[in-house]
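For the single chain, residues carry numbers from 1 onward in sequence order.
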Amino acid sequence: MKEDLAAIAAQIKDKSPVEALRYFAVTYPGKIVFSTSFGWEDQVITHMIFSNDIPIEVFTLETGRLFPETYYVWNRTLEIYKKPIMAYHPQAEALQEMVNAKGPNSFYESVENRKECCYIRKLEPLKRAITGKDCWVTGIRSEQSVNRTDMTNLEWDEQNNLLKFHPIFFWSLEEVKAYIKEHNIVYNTLHDKGFPSIGCAPCTRAVREGEDFRAGRWWWEDQSKKECGLHATK
């Protein structure tokens, strides 16, 4: 598949996000998944998949530290579309060992501790979710982070040995909001309160005027370190 990247990119070049999602679903039947964290972008793609009956499995990482508003969106999405969203939880033993040894909020103490928490709550469950898959669909957009400006909408994920496709990679935030309004898509109300990027509750705050898009994530850390590793390319 890695060798076919250019050919696949050519196939989807002029397709709409929905058309491209259909293409990948047909090309990789039963081997394609979409990861949602119920933010703006993910709700747009979930709508595209569910409302068009595209056979792509949708999953989420249930870290155990999500906002109440996120759980609300999750539940409303299930009610509206009547489609399953698979939940992947942290391994109980690893989580228990970390919390017993370091307490529930050890991630504030160092980058190493925070990465350990992200690994247990997100990265390891992700590995289980995408094992055996050929294509992973995400809601990444290019303007979301300085770490993502050199990415493209179709990539080869060397770490996980699969294709990654970002259907709305080139969309602006205004286009995302307009699509949500046009299709009356349920979304996380924290977005209206200054939260452009929403993760675990202890690690996410509202963004102040003039701050970077992802300044509210792990705000106590250096800007260059603000990735949990889900979308690492090396």
Side-chain angles (χ1 to χ4, degrees), residues 16-21 33-52 54 56-63 65-81 83 85-87 118 122 126 129 136-149 151-155 164-219 226-228 230-231:
S16 69
V18 170
E19 291 171 338
L21 287 167
V33 290
F34 166 57
S35 57
T36 178
S37 58
F38 305 101
W40 271 321
E41 294 82 6
D42 292 342
Q43 285 301 99
V44 165
I45 297 172
T46 295
H47 175 81
M48 291 176 176
I49 291 171
F50 284 167
S51 64
N52 290 285
I54 301 174
I56 295 175
E57 177 186 312
V58 179
F59 76 87
T60 191
L61 304 177
E62 165 49 308
T63 66
R65 303 298 296 266
L66 304 179
F67 284 94
E69 292 87 345
T70 302
Y71 289 114
Y72 174 81
V73 174
W74 182 349
N75 205 61
R76 282 296 293 139
T77 302
L78 293 173
E79 292 173 347
I80 292 167
Y81 298 102
K83 304 277 190 180
I85 297 175
M86 304 301 294
C118 283
K122 300 170 73 173
L126 173 70
W136 172 18
V137 180
T138 88
I140 286 176
R141 292 186 301 107
S142 64
E143 68 179 21
Q144 287 176 320
S145 169
V146 293
N147 298 327
R148 297 175 179 179
T149 54
M151 295 169 60
T152 61
N153 69 330
L154 181 67
E155 305 177 292
K164 285 177 72 174
F165 175 53
H166 320 300
I168 59 173
F169 185 75
F170 299 110
W171 285 26
S172 66
L173 181 57
E174 288 67 33
E175 288 175 298
V176 171
K177 290 180 180 179
Y179 189 94
I180 287 172
K181 183 176 181 180
E182 178 185 354
H183 296 277
N184 195 29
I185 297 171
V186 63
Y187 69 93
N188 197 321
T189 55
L190 288 175
H191 287 310
D192 296 330
K193 300 175 182 179
F195 289 76
S197 177
I198 303 168
C200 292
C203 299
T204 311
R205 66 162 173 77
V207 173
R208 302 185 184 95
E209 186 175 354
E211 283 188 314
D212 178 76
F213 187 90
R214 287 174 65 83
R217 301 293 295 276
W218 311 295
W219 65 91
K226 291 189 177 186
E227 288 286 356
C228 62
L230 286 179
H231 300 293

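- Atom OG1 of residue Thr77 and atom CG of residue Asp42 lie 10.5 Å apart, to the nearest 0.5 angstrom.
- The backbone N or O of Trp171 sits less than 3.5 Å from a side-chain atom of Arg141, completing a donor-acceptor pair.
- Leu21 places a side-chain heavy atom less than 4.5 Å from the side chain of Ile49.
- In terms of modelled atom types and a separation under 3.5 Å, the side chain of Glu79 and the main chain of Arg76 share no donor-acceptor contact.
- Within 6.0 Å of atom CZ in Phe170, more than 12 heavy atoms from other residues, nucleotides or ligands are found, so the atom counts as buried in its surroundings.
- Proximity of Ile180 to Trp40: side-chain heavy atoms (C-beta onward) are separated by under 4.5 Å at one or more points.
- Asn52 places a side-chain N or O within donor-acceptor distance of the main-chain N or O of Met48, the cut-off being under 3.5 Å.
- A search for side chain to side chain contact (heavy atoms under 4.5 Å, CB included) contacts involving Thr70 returns Phe38, Leu66, Phe67, Asn188, Ile198, not counting sequence neighbours.
- Contact annotation: the side chain of Leu78 approaches that of Trp74 to within less than 4.5 Å [non-hydrogen atoms, C-beta and beyond].
- In this pair, His47 and Tyr81 present their aromatic rings perpendicular. The plane angle is above 60°, beyond the 30 to 60° band.
- Put simply, the side chain of Glu41 never gets that close to the backbone of Ile168: no donor and acceptor are under 3.5 Å apart.
- Shown here are the salt bridge (charged side-chain N to carboxylate O under 4.0 Å, His left out) partners of Glu209, two or more places apart in sequence or in another chain: there are none.
- Looking at residues two or more places apart in sequence or on another chain, you find a salt bridge (charged side-chain N to carboxylate O under 4.0 Å, His left out) between Lys83 and Asp53.
- Between Pro167 and Val137, the closest side-chain pair of non-hydrogen atoms falls below 4.5 Å.
- Side chains of Glu155 and His166: a donor on one and an acceptor on the other come within 3.5 Å.
- Here Phe165 pairs with Phe24 under the ring-ring contact (aromatic ring centres under 6.0 Å, His included) rule; sequence neighbours left out.
- With no hydrogens or angles considered, a side-chain donor-acceptor pair links Trp136 and Ser35 at under 3.5 Å.
- Here OG of Ser197 is found 7.0 Å from CH2 of Trp218. Values are rounded to the nearest 0.5 Å.
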Legend entry - Derivation of the side chain to side chain contact (heavy atoms under 4.5 Å, CB included) call for Val58 and Val33: CA-CA 6 Å; Val58 179; Val33 290; over 6 Å; no

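- Expressed to the nearest 0.5 Å, how far CD1 of Ile185 lies from CD of Gln43 amounts to 7.5 Å.
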Legend entry - From CA spacing to verdict: side chain to side chain contact (heavy atoms under 4.5 Å, CB included), Ile85, Phe50: CA-CA 10 Å; Ile85 297 175; Phe50 284 167; 4.1 Å; yes

Inset, instruction - Just do the side chain to side chain contact (heavy atoms under 4.5 Å, CB included) check on Lys164 and Thr138 with the steps written out, would you? - result: CA-CA 7 Å; Lys164 285 177 72 174; Thr138 88; 4.2 Å; yes

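- Asp192 meets the side chain to side chain donor-acceptor pair (under 3.5 Å) test with Tyr187; sequence neighbours excluded.
- Shown here for Arg65 and Pro202, the closest heavy-atom pair between the two residues is NH2-CG, 3.1 Å.
- Under the rule for a side chain to side chain donor-acceptor pair (under 3.5 Å), Tyr179 has no partner lying at least two apart in sequence or in another chain.
- The distance from atom OG1 of Thr36 to atom CE of Met86, rounded to the nearest 0.5 Å, is 14.5 Å.
- Distance alone, capped at 3.5 Å, places no donor-acceptor pair between the Thr60 side chain and the Ala87 backbone.
- For the atom pair OG1 of Thr204 and CZ of Arg217, the computed distance is 4.5 Å after rounding to the nearest 0.5 Å.
- Checked by atom type, the side-chain pair Glu143/Ser172 shows no donor-acceptor distance below 3.5 Å.
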